[in-house]
*Asks:* 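Pasting in a structure now, in structure tokens, and then I'll have a few things to ask.
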Amino acid sequence: MKKRYLILAGILAASMLAAGCGKKNSVAPEQKVEVQTSTDDTANIKNVMGTKSETTTSIVFTNKMGSAISAIYVRPTRDDGDDSDETWGSDLVNGKFTLADKDKAVYYMEKSQKDDDGNAVTSFDVRITFSDEEQNECFFRKLPLLTISQLSFCMDGEGEDGIP
């Protein structure tokens with residue numbers, strides 16, 4: 001009986017050695033690792049504002065307002081309440097396209113912007129106007145655009161009671 005146990009133990013030990021069980025490799029076997037880099041979702045967007053460069057960040061704007069957008073303005077947040085056209089600068093769309101409902105546009109924005117005092121700008125205001133000139137324009141305030149990659153324009157409510 002002892003002979004059988006010894007033979008079984010020997011066979012078990014031999015099979016473990018053959019399989020490499022309990023053996024540590026000092027050199028890891030070569031592995032094929034597929035590294036997935038982040039895909040540039042902006043590549044398929046046809047509506048482009050600004051110019052892509054090493055000093056810009058991209059923000060994807062999605063229109064969920066229910067109406068076509070004809071102009072988009074972005075400026076550093078102002079505390080003085082001045083919403084005159086001069087404070088907004090240039091229209092980013094500039095007649096190149098109309099952003100239909102559910103459509104997207106990419107905006108390439110300079111990463112390092114300074115205010116009038118030379119401080120880094122961290123929040124921005126966005127103003128949109130609609131193709132239907134009878135609709136009121138909408139304002140989105142104090143947005144941290146440099147830290148986000150996607151922004152959806154939408155309304156809470158409808159018509160004159162809607163809040164952007």
*Asks:* Kindly say whether Phe130 contributes a backbone atom to a donor-acceptor pair with the side chain of Ser70 at under 3.5 angstrom?
*Replies:* yes
*Asks:* Could you check whether atom NZ of Lys96 has more than 12 heavy atoms from other residues, nucleotides or ligands sitting under 6.0 Å from it?
*Replies:* yes
*Asks:* Quick check: does any side chain N or O of Asp91 sit under 3.5 Å from a backbone N or O of Val93, one acting as donor and the other as acceptor?
*Replies:* yes
*Asks:* Heavy-atom distance under 4.5 Å between the side chains of Thr51 and Thr56, does that happen here?
*Replies:* no
*Asks:* Heavy atoms only: give me the nearest Leu145-Phe124 pair and the separation to one decimal.
*Replies:* CD1-CB, 3.7 Å
*Asks:* In the single-linkage hydrophobic clustering (I, L, V, M, F, W, Y; side-chain heavy atoms under 4.5 Å), do Ile128 and Met109 co-cluster?
*Replies:* yes
*Asks:* Counting only N and O atoms by type, is there a donor-acceptor contact under 3.5 Å from the side chain of Asp125 to the main-chain atoms of Lys142?
*Replies:* yes
*Asks:* Walk me through whether Tyr107 and Ile72 qualify under side chain to side chain contact (heavy atoms under 4.5 Å, CB included).
*Replies:* CA-CA 10 Å; Tyr107 172 41; Ile72 300 173; over 6 Å; no
*Asks:* Could you state the interatomic distance from OG (Ser90) to CE (Met49), rounded to the nearest 0.5 Å?
*Replies:* 13.0 Å
*Asks:* Between atom CH2 of Trp88 and atom CG of Asp82, what is the distance when rounded to the nearest 0.5 Å?
*Replies:* 10.5 Å
*Asks:* Would a 4.5 Å heavy-atom cut-off, applied to side chains only, mark Phe140 and Leu151 as touching?
*Replies:* no
*Asks:* Specify the closest pair of heavy atoms between Leu146 and Glu110, including all atoms of both residues, with the distance to one decimal.
*Replies:* CD2-O, 3.8 Å
*Asks:* How close do Tyr108 and Ser58 get, heavy atom to heavy atom, and via which atoms?
*Replies:* CE2-CB, 3.6 Å
*Asks:* Looking only at atom types and distance, does a side-chain atom of Asn47 sit under 3.5 Å from a main-chain N or O of Lys104, one as donor and one as acceptor?
*Replies:* yes
*Asks:* Closest heavy-atom contact between Asn63 and Ser67?
*Replies:* ND2-O, 2.8 Å
*Asks:* In Å and rounded to the nearest 0.5 Å, what is the CG to OG1 distance from Asn136 to Thr129?
*Replies:* 11.5 Å
*Asks:* Has the side chain of Thr98 got a donor or acceptor atom that lies under 3.5 Å from a matching backbone atom of Ala68?
*Replies:* no
*Asks:* Within this structure, what is the NZ-OG1 distance for the pair Lys52 and Thr57, rounded to the nearest 0.5 Å?
*Replies:* 10.5 Å
*Asks:* Looking at Asp83 and Arg75, does any basic side-chain N land under 4.0 Å from a carboxylate oxygen?
*Replies:* yes
*Asks:* Please answer whether the main-chain N or O of Glu134 pairs with a side-chain N or O of Asp132 as donor and acceptor at a distance below 3.5 Å.
*Replies:* yes
*Asks:* Do Phe139 and Tyr73 sit in the same hydrophobic cluster, where Ile, Leu, Val, Met, Phe, Trp and Tyr count as joined when their side-chain heavy atoms come under 4.5 Å apart?
*Replies:* yes
*Asks:* Which pair of heavy atoms, one from Ile69 and one from Ala71, lies closest together, and at what distance?
*Replies:* CG2-O, 3.5 Å
*Asks:* Heavy atoms only: give me the nearest Lys114-Val121 pair and the separation to one decimal.
*Replies:* C-CG2, 3.6 Å
*Asks:* How long is the span from the NZ atom in Lys46 to the CZ atom in Phe97, to the nearest 0.5 Å?
*Replies:* 10.0 Å
*Asks:* Looking only at atom types and distance, does a side-chain atom of Thr77 sit under 3.5 Å from a main-chain N or O of Ser123, one as donor and one as acceptor?
*Replies:* yes
*Asks:* Under the side chain to side chain contact (heavy atoms under 4.5 Å, CB included) criterion, do Asp85 and Arg127 qualify, and how do the steps go?
*Replies:* CA-CA 10 Å; Asp85 286 341; Arg127 171 183 152 198; 3.1 Å; yes
